[in-house]
Number of protein chains: 2
Amino acid sequence: MQNQSPSNNTDPVSITLTDRLFDTLQRAIVEGEIAPGSKISEPELARQHGVSRGSLREAIGRLEARKLVERKPNIGARVVTLSYEQLIEIFQIREALEGMATRLAAQNMSDQEIEELQVLLEEHGQQIEEQQGQAYFQKQGDLDFHYRIVQGSKNHHLIGLLCDDLYHLLRMYRYQFGMRSKRSRQAYDEHHYLLNAIVARDPEMAELLMRQHIRSSRRNVEKMLLEK
Amino acid sequence: MQNQSPSNNTDPVSITLTDRLFDTLQRAIVEGEIAPGSKISEPELARQHGVSRGSLREAIGRLEARKLVERKPNIGARVVTLSYEQLIEIFQIREALEGMATRLAAQNMSDQEIEELQVLLEEHGQQIEEQQGQAYFQKQGDLDFHYRIVQGSKNHHLIGLLCDDLYHLLRMYRYQFGMRSKRSRQAYDEHHYLLNAIVARDPEMAELLMRQHIRSSRRNVEKMLLEK
DNA sequence: AACATATAAATTGTCGACATATTAGGCTCC
DNA sequence: GGAGCCTAATATGTCGACAATTTATATGTT
C-alpha cells in the first residue's frame, strides 16, 4: 500500500529531509489533516516541521507534480479541492490505465504471483462472509488486489503512474467523501472473474473485465454522491 | 506543440525564474543538447545559466517528476537513458491513454472542433502528395493531430498526463533515435478512418482505431530499431 | 459611509553560505 | 604492481537572509 517500497531507493527509509517531509505532507493531505482547498503557508509549515523553507518548497513542488496541491506564481499553494467532475476524470484514466495493466498482467505475471493473488482473493472471500459490516478491510483488500495486478504488468512506467500518482489522489477522494462501499460482495465476484481470465492467460478478456469492473465501481460512486 | 500555452497560467510568459529554467532545460534535454545519461552538475549548470543553485534544484525536481532526469540522494541527477524496453512501455501507455482520449473526443468534441480537424487533415494530405520526402512536417502533423484529439477529450487530467508528461518523453525518443517514418501515407489513412469514427460520434470504434493506429506505429518503430 | 489611494506587513522568489556526504587522489603496505 | 586506507576536493543537502510581489491596513476624499 505504501508507495516508497517498490519505487524508491534501496535504503530502508528516505534519507533526505525533503523526502521525509514529502511523505509526511502527502499523508496529511491524503487523509485530510490539511483541509482541501486550504492555503499552504510556507513560513508556518516550515516552522511547524522545524525545517527550512527551501526544503519545504521542494516538497511542495513534488506534491504539485502529483496534483495534490495547486500553485500559482507569487501567490502560493493550495491543497486541491476535489470536485465531482475531477473524480470522473480520474476514473476514466483508471479505466484506461488499469485495463492496460491487467492486459499486460495476464501476459507477464509469473505463475507464482498468480497463485499468491488467488490466495489473497480467498482471504477476502472469507473476510466478507465473517464480517460483512467491516468495510475498511474490504477497501484495503480492493486496493491490495488492484495494486498487485498493476505490479504484475511489469511496466515500470505504468506502475509509477498508477501507484505513485493516481492512487494517492484516489485515496484522498475516499477520505474526503467517506466512501463506504456496499458492494464488496459484487466487487469480490468481479475480482474472481477477472482473476480467472488472468489464470487463463487471456489478455483481451482480462482487460475487458477490469474496465467493466472500474466502470461498475464508478457508477457506484456516482450513485453514492448523488444520494447525499 | 508547446506545452505552456494550454496548461499553464494566464500570463504571456512564465514569470518565475524556475519556470523559465525548467522550460529551457526541458527543451535542451528533449532535443539532445544535454546528452542522455550525462550527469547534471548543479554548480556548473547554475553558473552557465546565471542562476542560484536553489532555483536550479527546483527546476531539476520538476524534470524528475516528468521522468526526464533520474535523481539519487546525495549522488546527483542524470538525464534519463532511453532503452528499447522503456520505449515499448511508453507506447503501451499511449495506447491506453490516447485510446480513452479518442473515445471521449468522439463524445465531447464540438462540431466546430471536428471541422477544424478535418481541415487540418486535408492539409496533411496535400503536403504528402506535394513533398513526399519532407518527413519533418509529417511528424509535426502527426503530433498536431494527436494533440487536438487529446484536447478534444475535455478531460483535463488526461490532457495534462499526455501533453505535459508523455509527449515530451516521446519527442526525446524521436530526437535521440532520429526517427524518420516511411509510413506517413499509411498514418494519414489511419487518421482518416479515425476521424470518420469521430464524425460519426462512435466512441467505441474511435477508441479501437486509435489503439490500432498506435500499435501500428509501435510496430513500425520496433522494425526501425531492429534494422539498425 | 463608501471608494480609491497610499503605506505597511506578510508572503513568495532568489540568493549565497555552511553542513554533510561522496568522489578523487595519493600514500602505505603487502 | 595492485589493493586498501587516509586525506583533500568536490558535490549535494540544508539553512538563513535579502529582494520583489502580493495582501492587508490605514488614510484621505467625495
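Letters A, B, ... mirror the listed sequences (proteins, then strands); counts begin at 1. Just so you know, these numbers come straight off a predicted model, no measurement behind them. Only heavy atoms go into these numbers, but all of them, side chains included; no hydrogens, no water, no symmetry mates.
- Considering only residues two or more places apart in sequence or on other chains, A:Ala96 meets the side-chain contact (heavy atoms from CB on, under 4.5 Å) condition with B:Ala96, B:Leu97, B:Met100.
- Of all nucleotides in DNA chain D, those with any atom nearer than 4.0 Å to a heavy atom of chain B start and finish, going 5' to 3', at D:dA11 to D:dT14.
- Looking at A:His157 and B:Leu169, their side chains come closer than 4.5 Å, going by heavy atoms from C-beta outward.
- Nearest heavy-atom pair, B:Glu98 versus B:Met210, reported as atom, atom and distance to 0.1 Å: O-CG, 3.6 Å.
- For B:Ala35, the side-chain contact (heavy atoms from CB on, under 4.5 Å) partners two or more places apart in sequence, or in a different chain, are B:Ser38.
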Please tabulate, one pair per line, all N/O donor-acceptor pairs under 3.5 Å involving side-chain atoms of residues 78-88 of chain A, not counting sequence neighbours.
unit_1: A:Arg78; atom_1: NE; unit_2: A:Gly37; atom_2: O; d: 3.1
unit_1: A:Arg78; atom_1: NH2; unit_2: A:Gly37; atom_2: O; d: 3.4
unit_1: A:Ser83; atom_1: OG; unit_2: A:Gln86; atom_2: N; d: 3.1

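- Fit an axis to the five pairs at each end of the helix from C:dA1-D:dT30 to C:dC30-D:dG1 and the two axes sit 0° apart, to the nearest 10 degrees.
- The interatomic distance linking B:Arg53 (CZ) with C:dG13 (C1') rounds to 17 Å, in whole Å.
- A salt bridge does not link B:Asp23 with B:Arg62: every distance from a Lys NZ or Arg NE/NH1/NH2 to an Asp or Glu carboxylate oxygen is 4.0 Å or more.
- In this view, A:Phe145 and A:His191 satisfy the ring-ring contact (aromatic ring centres under 6.0 Å, His included) rule, not counting sequence neighbours.
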Got a list of side-chain donor-acceptor pairs under 3.5 Å for residues 109-121 of chain A, not counting sequence neighbours?
unit_1: A:Ser110; atom_1: OG; unit_2: A:Glu113; atom_2: N; d: 3.1
unit_1: A:Ser110; atom_1: OG; unit_2: A:Glu113; atom_2: OE1; d: 3.4
unit_1: A:Asp111; atom_1: OD1; unit_2: A:Arg201; atom_2: NH2; d: 2.8
unit_1: A:Gln112; atom_1: NE2; unit_2: A:Glu116; atom_2: OE2; d: 3.2
unit_1: A:Glu113; atom_1: OE1; unit_2: A:Ser110; atom_2: N; d: 2.9
unit_1: A:Glu113; atom_1: OE1; unit_2: A:Lys154; atom_2: NZ; d: 3.3

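- The shortest distance between the side-chain N/O atoms of B:Thr18 and the OP1/OP2 oxygens of C:dT14 is below 4.0 Å.
- Shortest non-hydrogen contact noted between A:Asn108 and A:Ser153 is ND2-O, 3.1 Å.
- As a whole-Å value, the separation of A:Arg57 CZ from C:dT11 P is 14 Å.
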Hey, what are the protein-to-nucleotides 19-22 of chain C N/O distances that come in under 3.5 Å?
none

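- Only B:Lys39, B:Ile40, B:Glu42, B:Pro43, listed by number, bring a heavy atom of residues 37-50 of chain B to less than 4.0 angstrom from any atom of DNA chain D.
- Residues meeting the salt bridge (charged side-chain N to carboxylate O under 4.0 Å, His left out) test with B:Arg219, sequence neighbours left out: none.
- Between A:Glu207 and B:Arg211 there is a salt bridge, since a side-chain N of the basic residue sits under 4.0 Å from a carboxylate O of the acidic one.
- Annotation: side-chain contact (heavy atoms from CB on, under 4.5 Å) contacts of B:Ile75 (sequence neighbours excluded): B:Lys72.
- B:Thr24 pairs by the side-chain contact (heavy atoms from CB on, under 4.5 Å) definition with B:His49, not counting sequence neighbours.
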